[in-house]
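Structure first, then comments.
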Amino acid sequence: MAVQYVDYRDVDIDGIDAVVVGSGFAGSVVARELADRRDMNVLIIEKRPHIGGNMYDEHDEAGILVHRYGPHIFHTNNQQVFHYLRRFSGWLGYQHCVLADLHGEYMPVPFNLNSMDMAFGPEKAAHLAEKMIERFGEGARVTLSELRGLDDPELAEVADFVYDNVFLYYTQKQWGQTPDEIDPSVTARVPVLLSRDNRYFQDAYQGMPQDGYTVLFEKMLDLPNIQVCLGTEAESVFDLEFASGDEDAPLSAIKLHGKEFTGPIVYTGPLDELFLARFGRLPYRSLDFVYETYDAEHKLPCGTVNYTVSEDYTRITEFKYLTGQVSPKTTIMKEYSRAYEDPDAQIPYYAIINDENRAHYERYRALTDSLPNFYPLGRLAEYRYYNMDKIVELALAKAMEIIEAQGAAAPGQQG
Ligand code: FAD
Ligand code: UDP
């Protein structure tokens, strides 16, 4: 067996029970669950020429397995999610480490007690660490906002160092704004660690799919009742009907091949795209990736180096550390963050979280609430900053919700 790729024009929509837009973890997990648990015939519509969403990886010309949409390291504390994904792949234990390049000197990120030694020298660092541990406890995770809110002048020195050397320039490059201007939940993803744990993530389960993410997705979607249309945009095949001609009139039906589709429609793309940006584009940040291959075992000292005080790229990742691949060559990838201005040429990677953008998003979302068989799901459709594990968790829950909503309806009768 293999994934069944079909041309949308050849799809008999009467035989389809559920439609899923997007084949990242959000779309693929729901598709798998509906097909597997309820024997539903699922049609996946994917605009890219491959499955896997942002997790897509492939071998480059040098034979190195590289990620095409940003470096993806799996980490979770959710045992159910990890066990679920183990059904589709073996996993390599991998603990991601990140170093900040401070003008050629490497310092662990998140900023931790080892970073403190480097920043202040062992004696002063010991004193500062003691004060911080007294206040927050050993092993605590202290966010940048918490750190900067302290009234102690000595700890303010730590806060200033971390702000200036870890967050300020990197955040300006990544978001086009200072850490004070962006939502605090974003920098809170990388808290100061009151420990000597040099790992980027502290989750219980961390690793990489043994043969890569694309192979994992191929296994997940390898069922006779899942069909995938690649290179197909939802906007081009969905015929949207609205309750009235008003701009804010809610969605009343979605037609496919000229017929109203009444089965579940799980949509994992950006909502503004679906509605042809009628209320204006939702703001996102995009990225450019630049790859370089070297005749060397390794180029970097660890999986990722963050450029927190210099360079115009944010970080460089060397894939061989992540994947454990052995080769006399190596490929690295530089990430450049960009404003998202051209939906035809760019990919919306990061929702820009703030109250104004949330309200903008909710206006789109309100258009869909009226359609009971329409389910927005995922990092794009929900306009959120979700990691992979959270998406898998939400997708498993969404599949159950859909299955329950389908009730006793016999498979094959929904479409
Ligand atoms: P996506 O993976 O974006 O999938 C959405 C799919 O829908 C895409 O394939 C897209 O082509 C398709 N689509 C969109 N619109 C349409 C349309 N109109 N018609 C048809 N198809 C459409 N998470 C981690 O846990 N660990 C990490 O190390 C990590 N690193 C990351 C690095 C970067 C640079 C980025 C941007 C994200 C990272 N993430 C990481 C987060 C991870 O990428 C997301 O959690 C995950 O991609 C969410 O899955 P999804 O299915 O919601 O979205
Ligand atoms: N960040 C930073 N310096 C770093 C690492 C992170 O300023 O060395 C900030 C930056 O604003 C970034 C956010 O923390 O966008 C979240 O970092 P994370 O590594 O989680 O970002 P992602 O991997 O999702 O791009």
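Each ligand, and each atom within it, is numbered from 1 in the order the structure gives.
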| Which class fits the ring pair Y84 and F88: parallel under 30°, tilted 30 to 60°, perpendicular over 60°? | perpendicular
| field | Subset of ligand 1 atoms that lie under 4.0 Å from at least one heavy atom of L287 | value | 34 (C)
| query | Would you call the rings of Y340 and Y284 parallel, tilted or perpendicular if under 30° counts as parallel and over 60° as perpendicular? | reply | perpendicular
| said: Considering both backbone and side-chain atoms of Y200, is one of its nitrogen or oxygen atoms within less than 3.5 Å of a nitrogen or oxygen in ligand 2? | reply: yes
| request: Just go through T308, V190, T304, D101 and tell me whose heavy atom is the nearest to atom 17 (O) of ligand 2. | output: V190
| note | Looking only at heavy atoms, the pair that brings V166 and T308 closest together is O-CG2, 3.4 Å
| request: Using a strict cut-off of 4.0 Å, indicate which atoms of ligand 1 neighbour a heavy atom of I391. | output: 45 (O), 48 (C), 49 (O), 52 (O)
| said: Between ligand 2 and Y169, can you find any atom pair, the residue atom being a heavy atom, that is separated by under 4.0 Å? | reply: no
| task | Report yes if Y349 has an N/O atom closer than 3.5 Å to an N/O atom of ligand 1; otherwise report no. | result | no
| task | Please determine if F25 has a nitrogen or oxygen closer than 3.5 Å to a nitrogen or oxygen of ligand 1. | result | yes
| request: Measure up the H298 and Y321 rings against each other and bin them: parallel (under 30°), tilted (30 to 60°), perpendicular (over 60°). | output: parallel
| said: Using a 4.0 Å heavy-atom cut-off, which part of V186 comes near ligand 2: side chain, backbone, both, or neither? | reply: both
| query | For ligand 1, which atoms have a heavy atom of E235 less than 4.0 angstrom away? | reply | 17 (C), 18 (N), 19 (N)
| query | Do any nitrogen or oxygen atoms of A26 lie less than 3.5 angstrom from nitrogen or oxygen atoms of ligand 1? | reply | yes
| said: As a check for students: among Q206, M55, H50, R48, identify the option with a heavy atom nearest to atom 46 (C) of ligand 1. | reply: M55
| Does Y386, backbone or side chain, put an N or O under 3.5 Å from an N or O of ligand 1? | yes
| task | Ignoring angles and geometry beyond distance, decide whether F201 reaches within less than 3.5 Å of ligand 1 through its nitrogen or oxygen atoms. | result | no
| note | So OH of Y213 and CG of L85: to nearest 0.5 Å the spacing works out to 9.0 Å
| field | Proximity winner for atom 22 (P) of ligand 2, if only heavy atoms of Y385, Y163, F201 are counted | value | Y385
| said: At less than 4.0 angstrom from any non-hydrogen atom of G70, what atoms of ligand 1 do you find? | reply: 34 (C)
| remark: One finds that the ligand 2 atoms under 4.0 Å from a non-hydrogen atom of Q174 are 15 (O)
| Quiz item: cation-pi between R338 and Y349, 6.0 Å / 45° | no
| said: Less than 4.0 angstrom from a charged side-chain N to a carboxylate O is my criterion; do D117 and R196 meet it? | reply: yes
| message | Aromatic contact between F74 and H72, with the criterion being ring centroids under 6.0 Å apart: yes or no? | response | no
| message | Test your reading of the structure: does F167 have an N or O sitting under 3.5 Å from an N or O of ligand 2? | response | yes
| request: Measure from atom 53 (O) of ligand 1 to the protein's non-hydrogen atoms and state whether any distance is below 4.0 Å. | output: no
| request: Before signing off on this row, confirm whether V166 and ligand 2 have an N or O atom pair separated by under 3.5 Å. | output: yes
| field | Backbone or side-chain N or O of E335 under 3.5 Å from ligand 1 N or O | value | no
| request: Taking the six-membered ring of Y385 (Phe, Tyr or Trp), confirm whether the NZ or CZ of R189 is under 6.0 Å from its centre and within 45° of its axis. | output: yes
| request: Assess R148 against Y163: is NZ or CZ under 6.0 Å from the centre of the six-membered ring, and within 45 degrees of the ring's axis? | output: yes
| query | For ligand 2, is any non-hydrogen atom under 4.0 Å from R315's backbone (N, CA, C, O), its side chain (CB onward), both, or neither? | reply | side chain
| Is any N or O atom of A234, backbone or side chain, closer than 3.5 Å to an N or O atom of ligand 1? | yes
| task | Would you check the N or O atoms of Y350, main chain and side chain alike, for any that come under 3.5 Å of an N or O of ligand 2? | result | yes
| query | Between R379 and ligand 1, which residue portion shows a heavy-atom distance shorter than 4.0 Å: side chain, backbone, both, or neither? | reply | both
| Of the choices S28, G53, P71, G22, which has the non-hydrogen atom that lies closest to atom 30 (N) of ligand 1? | P71
| task | Using distance alone, decide if ligand 2 has a nitrogen or oxygen within less than 3.5 Å of any nitrogen or oxygen in T187. | result | no
| field | Six-ring centre of F242, R278 cation under 6.0 angstrom, axis tolerance 45° | value | yes
| said: Test your reading of the structure: does I73 have an N or O sitting under 3.5 Å from an N or O of ligand 1? | reply: yes
| query | Purely on distance, is any nitrogen or oxygen of D389 under 3.5 Å from one on ligand 1? | reply | no
| query | Could an N or O of ligand 1 be found under 3.5 Å from any N or O of Y350, whether backbone or side chain? | reply | no
| query | Should you measure from each heavy atom of Y267, which atoms of ligand 1 turn up under 4.0 Å away? | reply | 18 (N)
| Quick one: do K173 and E335 make a salt bridge, cutoff under 4.0 Å? | no
